[in-house]
S.K.: 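One structure follows; several queries about it will come next.
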Amino acid sequence: MLEIQQLRTDLNNITQQLAKRGYTFPAEAFNALEAERKIIQTQTQELQAQRNIASKKIGQAKSKGEDTSAIMTEVAHLGDALKQAENQLEHIQHHLQKILLEVPNLPHISVPEGKDEAGNVRIRQWGEPRQFDFDIKDHVSIGEGLGLLDFETAAKLSGARFSLMKGGLARLHRALAQFMLDIHTLEHGYIETYVPYLVSRDSLRGTGQLPKFEQDLFAVTAGGEESSSAKNTPEYHLIPTAEVPITNMVRDEIVPLQSLPLKYVSHTPCFRSEAGSYGRDTRGLIRQHQFDKVELVHIVHPDQSYEALEQLVGHAEKILQKLALPYRVMALCTGDMGFAAAKTYDIEVWLPAQNTYREISSCSNCEAFQSRRMQARFRNENGKPALLHTLNGSGLAVGRTLVAVLENYQNADGSITIPEVLRPYMNGLDQLGSSGAK
RNA sequence: GGAGAGAUGGCCGAGUGGUCGAAGGCGCUCCCCUGCUAAGGGAGUAUAGGCACAAAAAGCUUAUCGAGGGUUCGAAUCCCUCUCUCUCCGCCA
């Protein structure tokens, strides 16, 4: 959410910046509402002030035992006018709020301008794609060839975009998550968290998934309740990313200055409806309704958020380096960034079977965009509450990392060499073959 | 699921219809005093808005005592709904 004062005083500039992201701010509607708001709010407050004065008088008179009927009749007229003005004001404020909640964040000055992913800029690259002297297979063929990856059964259990892993592959998946958690907690100083996978609408509003992206989420109601829209039904949504529960930990909090920065890591499943992505990445583990991710979140002093973003990306890169998986870091352009981000780096890992780099991590500085929605604050140097900056990034998407390991570490006989750093998590196993798949 | 108790400022805690945005305490900040330390004295100490202004400060003003609604000229205080916390019982991992 943007600051409304900024919109009032600097509307043209903001409209221009938003246009860079392909968002058209409804400036006329906003201006009209603001003009109306100003009038009604002033009027409302005047009426309230009159009422307060009169009520005070009544109180004083009564305590002296004087007759109050004269003042009472005077005030009686106020009631209706006040109620009407209050209702009108509330209506306008709601409308304004609705507009505000749907406006994306402003891009940071350093963000390259562009319309779509073609405008993204490569920042750096690490590692050399391996040369294969045999015909390579993609992760689906490898996994199915080993008898450890089974999409048919997954489809029977749940439908499309679900997966079933078995034996050594399921373990390799677990090993990756454990490895990532260990590196982030032991080497990068993150606090490990275990968080709810079902969250409230308030939390989703806080991080920006609601109200605009409801169709991307899965909603859940308790058994026995007729429908999610029934009144007073407590409604949950499955988290699309651990960013939601972790970041919302500081919602409506005032964090002491000395406890900053807060750095949290969590390994969770993520659930996405993938509405609107029909036909895209239908093969394999790349785009699933349910996938595991190790998420990194920083809650920081506003002066430090860009420094923190660099650190965050570095922490995610470290995982790929230790796994010896080639990758590149892209700065997303204005047109390709997510709703809440002021600046985003994507890390893309090399997938030999696709002969391309694919996104495996997205690291964003949201500045105060989320904290303003959440009222997440800290007590600053002057002892005054001020908005925090929030950052989040994948460190990494576990399923896609698994894909990268399978494809990059495949052997001619269809087996997989287990990356060295993962072997301690695999009981020392160095290879995943059809025989080693216990 | 049943029965009961509760939610007040950074924290503790008083307040059951009228100068209550809220006593008192703790904490914190500033000042004074004491050679230092300890103790003591004094002052200050919520947040978010609106108006006006080129802007800031000061000013005027509104809202906020878990959330939302209601009663009333007036609500922290009365009524309703909800959320959360605690205790006991039931169920459960």
Side-chain angles (χ1 to χ4, degrees), chain A residues 1-13 30-31 33-97 100 194 196-206 221-225 228-236 245 248-260 368 371-388:
Chain A
M1 194 162 69
L2 304 180
E3 208 178 350
I4 192 158
Q5 285 93 335
Q6 213 184 342
L7 281 160
R8 286 181 189 133
T9 56
D10 202 16
L11 186 59
N12 285 339
N13 178 26
F30 177 79
N31 278 330
L33 270 173
E34 260 296 290
E36 208 183 338
R37 189 222 95 230
K38 208 166 186 171
I39 295 164
I40 301 297
Q41 182 160 1
T42 309
Q43 192 188 327
T44 306
Q45 294 191 353
E46 264 166 26
L47 289 169
Q48 283 169 333
Q50 279 176 42
R51 183 205 56 199
N52 289 348
I53 290 166
S55 294
K56 208 162 256 187
K57 271 195 212 154
I58 293 171
Q60 284 166 352
K62 281 222 166 150
S63 66
K64 288 181 204 150
E66 292 167 5
D67 176 50
T68 57
S69 53
I71 321 174
M72 298 277 263
T73 51
E74 186 189 311
V75 173
H77 301 287
L78 239 53
D80 288 342
L82 182 58
K83 192 156 274 178
Q84 203 198 338
E86 278 175 344
N87 287 340
Q88 229 177 324
L89 181 62
E90 195 188 345
H91 184 253
I92 294 167
Q93 300 279 38
H94 254 100
H95 205 145
L96 277 169
Q97 187 70 5
L100 276 182
Y194 172 83
Y197 302 160
L198 300 177
V199 293
S200 66
R201 299 188 71 90
D202 285 342
S203 292
L204 289 157
R205 196 175 303 110
T221 49
E225 289 170 4
S228 60
S229 55
K231 31 106 191 116
N232 293 334
T233 304
E235 192 186 16
Y236 298 113
N248 273 280
M249 288 198 289
V250 293
R251 173 156 52 88
D252 295 318
E253 297 288 331
I254 299 176
V255 179
L257 181 63
Q258 64 270 20
S259 62
L260 297 177
S371 58
R372 190 171 295 113
R373 290 170 165 253
M374 293 191 297
Q375 283 303 299
R377 297 175 294 175
F378 70 105
R379 217 162 266 286
N380 70 13
E381 296 76 0
N382 305 317
K384 292 289 171 195
L387 293 172
L388 289 157

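Everything numeric in this text was worked out from a predicted model, so none of it was measured. Residue numbers begin at 1 in each chain, while the letters A, B, ... track the order of the sequences.
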S.K.: So, are Asp202(A) and Arg205(A) salt-bridged, with charged N and O less than 4.0 Å apart?
M.R.: yes
S.K.: Is Arg377(A) touching bases, backbone alone, or none of the nucleic acid, heavy atoms closer than 4.0 Å?
M.R.: sugar-phosphate
S.K.: What closest approach, in Å, do Ile71(A) and Ala54(A) show between heavy atoms, and which atom pair accounts for it?
M.R.: CG2-O, 4.2 Å
S.K.: Evaluate the criterion salt bridge (charged side-chain N to carboxylate O under 4.0 Å, His left out) for residue pair Arg37(A) and Glu34(A); output intermediate values, then yes/no.
M.R.: CA-CA 5 Å; Arg37(A) 189 222 95 230; Glu34(A) 260 296 290; 2.6 Å; yes
S.K.: Where do Pro245(A) and Pro196(A) come nearest, in terms of heavy atoms and distance?
M.R.: CG-O, 3.7 Å
S.K.: If you draw a 6.0 Å radius around CD in Gln84(A), do more than 12 non-hydrogen atoms from other residues or ligands fall strictly inside?
M.R.: no
S.K.: CG of Asp252(A) versus P of A48(B): gap in Å, rounded?
M.R.: 13 Å
S.K.: So if I take residues 45-59 of chain A and measure heavy-atom distances to RNA chain B, which residues fall below 4.0 Å?
M.R.: Gln45(A), Gln48(A), Ala49(A), Arg51(A), Asn52(A), Ser55(A), Ile58(A), Gly59(A)
S.K.: Taking atom C1' in both U47(B) and A55(B), compute the distance separating them and give it to the nearest angstrom.
M.R.: 24 Å
S.K.: Hey, mind stepping through Asn248(A) and Val199(A) against side-chain contact (heavy atoms from CB on, under 4.5 Å) and telling me if it holds?
M.R.: CA-CA 10 Å; Asn248(A) 273 280; Val199(A) 293; over 6 Å; no
S.K.: Mind listing the closest non-hydrogen atom pair of Leu47(A) and Ala85(A) along with its distance?
M.R.: CD1-CB, 4.1 Å
S.K.: Give me the atom names and distance for the closest heavy-atom approach of Leu260(A) to Val255(A).
M.R.: CD2-CG1, 3.9 Å
S.K.: Just how far is it from atom CD1 of Ile40(A) to atom CG of Asn87(A), taken to the nearest 0.5 Å?
M.R.: 11.0 Å
S.K.: For A23(B) and A43(B), measure between their P atoms and round to the nearest Å.
M.R.: 15 Å
S.K.: Taking the same atom, C1', in C65(B) and in G6(B), what whole-Å distance lies between them?
M.R.: 15 Å
S.K.: Under 3.5 Å, is there a donor-acceptor pair between the Glu36(A) and Gln88(A) side chains?
M.R.: no
S.K.: Rounding to the closest angstrom, what is the interatomic distance between C11(B) and A52(B) at atom P?
M.R.: 36 Å
S.K.: Please report the distance separating the P of G90(B) from the corresponding atom of G13(B), rounded so that it comes out in whole Å.
M.R.: 31 Å
S.K.: Tell me: CZ of Arg379(A) to C1' of C11(B), nearest whole Å?
M.R.: 12 Å
S.K.: Report the C-alpha distance between Gln97(A) and Met1(A) in whole Å, list the side-chain angles of each, state the deciding distance to 0.1 Å, and finish with yes or no for side-chain contact (heavy atoms from CB on, under 4.5 Å).
M.R.: CA-CA 9 Å; Gln97(A) 187 70 5; Met1(A) 194 162 69; 4.0 Å; yes
S.K.: May I have the distance from Phe378(A) (atom CZ) to G10(B) (atom C1'), rounded to whole angstrom?
M.R.: 16 Å
S.K.: Classify Pro385(A) by what it touches in the nucleic acid, base, sugar-phosphate, or nothing, heavy-atom distance under 4.0 Å.
M.R.: sugar-phosphate
S.K.: Using a 4.0 Å heavy-atom cut-off to protein, can you give one letter per nucleotide of nucleotides 66-72 of chain B, 5' to 3': B if the base is in contact, S if only the sugar-phosphate is, - if neither?
M.R.: -----S-
S.K.: Which one, U19(B), U47(B), G49(B), comes nearest to the side chain of Gln60(A)?
M.R.: U19(B)
S.K.: Expressed in angstrom and rounded to an integer, what is the separation of Glu253(A) atom CD from G10(B) atom P?
M.R.: 11 Å
S.K.: Taking the nucleotide of RNA chain B with the nearest heavy atom to each, does Gln41(A) or Leu82(A) sit closer to the 5' end?
M.R.: Gln41(A)
S.K.: How close or far is atom C1' of U19(B) from atom NZ of Lys62(A), stated in whole angstroms?
M.R.: 16 Å
S.K.: Write down the distance separating the C1' atoms in G17(B) and U72(B), rounded off to the nearest Å.
M.R.: 9 Å
S.K.: Rounded to the nearest 0.5 Å, what separation is found between the CZ atom of Arg373(A) and the CG atom of Leu100(A)?
M.R.: 9.0 Å
S.K.: Could you state the atom-to-atom distance from CD of Gln88(A) to P of U62(B) in whole Å?
M.R.: 20 Å
S.K.: For RNA chain B, list all stems, counting runs of three or more consecutive pairs where every pair is Watson-Crick or G-U wobble with both distances under 3.5 Å.
M.R.: B:1-7 with B:83-89, B:10-12 with B:24-26, B:27-32 with B:40-45, B:46-51 with B:59-64, B:66-70 with B:78-82
S.K.: Using atom CG of Leu89(A) as one end and atom C1' of U62(B) as the other, report the distance to the nearest whole Å.
M.R.: 10 Å
S.K.: In whole Å, measure the gap between the C1' atoms of U85(B) and U34(B) for me.
M.R.: 48 Å
S.K.: What's the gap between G24(B) and G35(B) when it is taken at their P atoms, as a whole Å value?
M.R.: 32 Å
S.K.: Show your reasoning for whether side-chain contact (heavy atoms from CB on, under 4.5 Å) applies to Glu86(A) and Leu82(A).
M.R.: CA-CA 6 Å; Glu86(A) 278 175 344; Leu82(A) 182 58; 4.0 Å; yes
S.K.: Without decimals, in angstroms, what is the distance between Ile254(A) CD1 and A46(B) P?
M.R.: 12 Å
